[in-house]
Student: 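Below is one structure. I have some questions about it.
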Amino acid sequence: MLVWASLGANKGAWVGCAIIAVLVTMALAADLISPHSPYRQFHDAMLRPPAWQAEGSWQFPLGTDALGRDILSRIAHGARYSLGIGGMVVAMAMVAGVAVGLLAASAGGIVDMALMRILDLLMAIPGLLLALVVVAVLGPGLINVVVAVAIVLIPHFARLARATALAELAREYVVAARLSGAGRFSIMFDTVLPNCMPPLIVQATLSFSAAILDAAALGFLGMGAQPPNPEWGTMLADAREFILLAWWVVAIPGVAILLTVLAFNLMGDGLRDALDPRLRSA
Amino acid sequence: MKLLEVRNLTVRFPTRRGWIHAVENVDFDLDAGEVLGIVGESGSGKSVTMLAVMGLLPPNAQVSADRLSFDGTDLLALDGRQRRSIMGKQIAMIFQEPVTRLNPCFTVGFQITEMLAAHETGDRAQHRRRAMELLDAVGISAPEARMRAFPHQLSGGMCQRVMIAMAIACQPRLLIADEPSTALDVTIQAQILDLLIDLQRKRGMALALISHDIAVIAETAQRVLVMYAGLVVEEQRSPQIFTGPSHPYTAALLRALPDESIGLPRLPTIPGSVPGALDRPSGCVFGPRCAFADARCRSARPELVQSGVALARCFYPMARPEGDA
Amino acid sequence: MTSAPDATPVMRVRGLRRHYPVSDGMFRQKRMLRAVEGINFDLHAGETLAVVGESGSGKSTLGRLCALVEEPTAGTIELDGADIARMPQEERRTLHRHVQMIFQNPFGSLNPRKTVAAELEAPLRFNTRSTPDEWRVRVEEMLVKVGLRIEFAERYPHMLSGGQRQRVAIARALMLQPKIIVADEPLSALDVSVQAQIINLLMDLRDEFGVSLVFISHDISVVRRLAHQVIVMYLGQPVEQGPVDAVLANPAHPYTKALIDAVPKVRRHPASERIRLVGDMPSPLVPRVGCIFSSRCPSVQISCRSIAPALEHVGDRLVACPHTMQIDPSCST
């Protein structure tokens, strides 16, 4: 449809898509790409630089970390964690957020006000701090990181869903649907929600990158995936002390995070541009 | 010398599927002090024609004409500064939906005085006085108070009067009114149209009135241009055009008015619908919907020809009914 | 246009009012927006009642009240004898199959993400027990009736022209064979040539289905064509009400006269006087003293500003103006 055409025209979105495609392939085919197991420690090859450096070798294309683990393998497997975390967080936040937003929009009155004030409260707390608090309560670990970051993102989805739902509810075809005999739920999910999707999709794409960053930050603080799991943020945490000695242990996971976030942002921007004119005309 | 001369005006837009001709081969003149009515349905190109004259089309529009001159000045050859000195000062334009056309962030008084400051000399106090005179001239009571109002605080009719005040501020020689009353209530519409004609007469302005409502044109215009699918299909003086239309489209349009078919059980309709810009028929644009079309109409596009007192783009222009002047 | 034969009216409305409280800020007292004030009418089977007025007249609100989209503040609406105005929400939902609505904006009234078929099936889906195949048959039947080819069923609204969308809206309204259809300015957004087609369509369908129409419009010439009875509204109140031919050919109330005269005509009667109203419509929020039209009436008198006239029988109609001249049948606009 029209959307694909406009998306196709956006160069940034192409780049973003390409990078994401590479990442997904990497995550899915991690076992195939990795020269070694991400957990195997080579005690005679600790802190080896990447292959293009003087002391590097192609046995470890991106070098090794302080425990002699191959960085390329860890990056490839780490992609699974990052994409997985991003996906789960966004899915959770979107489902919960949209449900809350639609409830607020359709209920109105006191319910709406109460829900919005709770969300305001959540949004007033800095994201990372809130996530830390939740993880501190629930304990460190991957699932808890997902829950924590999802909670941070829920208010954004909820507000967006509520705003678009309120606009949609004022449209004449909603009145027409009611006259056709549709009940409240049917109107919400059949009629209103599909028309709210475009901005929500854009929000989801952009939230992906926020989710990855927050998860990496939590990992860096030691609250996320526990070692020896090759999550990129945890890799950064392990490498803190070696920043001056062995830059590649820090830089390469960092670049991986950077590229992923960039890719999703480009995609999100492209999607927003592609979907916006249709929003305006619809 | 004619005030506005347009010869072979064509406006086209590039799209992914090729060029869209919004307006093709449009010719017309406008004399000083004359009221010209341009009537057409959606897609007829009536607004685009006048926007092209004003230079208000989006940058991707391609405007070409053999002649597009105002008072002897070639409008196509103007640079930005020269154009700005003419537009607003000698040619002014008012639009549909007046409330949205005014800047919501500034008071009405500010917007009028800004207009005056751009084109005329004088200090702020003089401009303020002029602005109040103008508001009075367009029939706004208590102009002092109205000057301080914001557009959203005024009614549609009031906003349109403000727009008219801004338009006539610099004594333009030509006023273009693009559907000025369409978004307004009927009683307000009547007031606005009366105002326009009154101002036109008092100030000797030429008025180009664009409307989809043929009755509005009938009550105001001296000469009428009928447009269809980007082409001028008929040009004739009023009221003769309404008693003896020359082009089948004009005739069909008049017959389709509910008031014209009082005794009939059903309204005569024009079958089909206006062709989109990309599916214009080869041959006469109105051919597919015309009751009188034949093979010639389907294969060749007619030129604008003289038929009695009218100009009609038709191979078989209609004759005047007997007994009419 | 002759009236339908006398029988129990399909819809009977008495004393209908709709007020909206409007807050003036948190600490000021709420003001009342009197959108509809005191409407009475009987609508018979097959009859068309036109509601005419300008913006702020309350005609759209009246339409929404009749279609049970909103609940009235006061008054009764009887459908086949039963008062439905204040039924609970759930019961009201079942009444929608008797009263349907067509809207002004053809694009806005169709869900942009639903195909024509999905849109037309919805009323059947929610109200009948038939199967999807049966729905499909009905949808195709209805498409043909409104003059669209069957392949339009798979199209989306943005692939249709304004006239085609309005035909879909009409088809949707007829799916449940309602007794009454409220049409809120269904022609205003259409080109003149398309308007004529839709008017013909409405007339044909009205005859075929025997449905009553509440036709809301500001377009006098269309009303003259379609309606049997007319109510002229100003600021929420009825100012004149009666048989359409009589009222439009020979208006009694000064507002009706001004309204009819203001409509531009291709052929104007040489002897008709030009009546022009002065000023704008007053705000509906300001409480009124005396006649609501007194601020703009060209024939206003001193008593008009203090005494609010009631709607009274004058000849063949109801008029809210004590100063109407004797209605002279030889006059015409």
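Quick note: numbers below take in every heavy atom, side chains included, and nothing from hydrogens, waters or symmetry partners. Below, chains carry the letters A, B, ... as their sequence lines are ordered, and counting in each starts from 1.
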Student: Quick check for you: among B:Leu254, B:Ile188, B:Ile214, which has the greatest number of heavy-atom pairs under 4.5 Å with chain C?
Tutor: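 Greatest number of close heavy-atom pairs with chain C: B:Ile188.
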
Student: Looking at B:Asp259 and C:Lys265, is any side-chain nitrogen of the basic one under 4.0 Å from a carboxylate oxygen of the acidic one?
Tutor: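 Here C:Lys265 does not pair with B:Asp259 in a salt bridge, since their nearest N and O are not under 4.0 Å apart.
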
Student: Which bit of B:Leu154 comes within less than 4.5 Å of chain C, counting heavy atoms only: side chain, backbone, both or neither?
Tutor: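 No part of B:Leu154 comes within 4.5 Å of chain C.
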
Student: Which atom names give the shortest non-hydrogen contact between C:Ala196 and B:Pro268, and what distance separates them?
Tutor: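 Heavy atoms only, the tightest pair is CB-O, 4.1 Å.
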
Student: Can you name the nearest heavy-atom pair linking C:Ser221 to B:Pro258, along with the distance?
Tutor: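 Closest heavy-atom pair between C:Ser221 and B:Pro258: O-CB, 3.7 Å.
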
Student: Quick one: CG on C:Asp204 to CZ on B:Arg266, what's the gap to the nearest 0.5 Å?
Tutor: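 If I round to the nearest 0.5 Å, the distance is 4.0 Å.
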
Student: Would you give the length of the straight line joining atom CD of B:Gln189 to atom NE2 of C:His218, rounded to the nearest 0.5 angstrom?
Tutor: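 So the gap between those two atoms works out to 8.0 Å.
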
Student: Find the one option among B:Ile270, B:Thr187, B:Leu184 whose heavy-atom pairs under 4.5 Å with chain C are most numerous.
Tutor: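 Option with the top pair count is B:Thr187.
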
Student: Tell me if a side-chain donor or acceptor on C:Asn200 pairs with a main-chain N or O of B:Leu267 at a distance below 3.5 Å.
Tutor: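 Between the backbone of B:Leu267 and the side chain of C:Asn200 there is a qualifying donor-acceptor contact (under 3.5 Å).
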
Student: Are the side chains of B:Asp213 and C:Pro264 in touch, meaning some heavy atoms are under 4.5 Å apart?
Tutor: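 Side chain of B:Asp213 against side chain of C:Pro264, heavy atoms only: contact under 4.5 Å found.
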
Student: If contact means a heavy atom pair closer than 4.5 Å, which residues of residues 215-222 of chain B contact chain C?
Tutor: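 Expected list: B:Ala215, B:Val216, B:Ala218, B:Glu219.
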
Student: Please classify the contact of B:Ser42 with chain C as side chain, backbone, both or neither, using a heavy-atom distance under 4.5 Å.
Tutor: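 Its backbone and side chain both get close to chain C.
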
Student: When you measure from the side chain of B:Asp185 to the backbone of C:Glu54, do you find a donor-acceptor pair of N or O atoms at a distance under 3.5 Å?
Tutor: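 Answer holds: no.
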
Student: Would a 4.5 Å heavy-atom cut-off, applied to side chains only, mark C:Ser193 and B:Thr269 as touching?
Tutor: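 Counting from C-beta outward, C:Ser193 and B:Thr269 never come under 4.5 Å.
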
Student: Just so I know, are the side chains of C:Val192 and B:Leu257 near enough to count as touching, which here means a heavy-atom distance under 4.5 Å?
Tutor: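 The answer is yes; the side chains approach within 4.5 Å.
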
Student: Please answer whether the main-chain N or O of B:Pro271 pairs with a side-chain N or O of C:Gln197 as donor and acceptor at a distance below 3.5 Å.
Tutor: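 No; zero donor-acceptor contacts below 3.5 Å.
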
Student: Might you point out which heavy atoms bring C:Asp191 and B:Val274 nearest each other, and give the distance in Å?
Tutor: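 The pair with the smallest heavy-atom distance is OD2-CG2, 4.4 Å.
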
Student: Considering only heavy atoms, which portion of B:Arg255 lies under 4.5 Å from any heavy atom of chain C: side chain, backbone, both, or neither?
Tutor: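 Nothing of B:Arg255, per the 4.5 Å heavy-atom cut-off to chain C.
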
Student: Name the option with the most non-hydrogen atom pairs under 4.5 Å to chain C; the candidates are B:Ile140, B:Asp194, B:Leu253, B:Leu193.
Tutor: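 Top count of heavy-atom pairs under 4.5 Å with chain C: B:Asp194.
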
Student: Checking C:Ile199 against chain B: side chain, backbone, both or neither under 4.5 Å from a heavy atom?
Tutor: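 For C:Ile199, the side chain is the part near chain B, not the backbone.
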
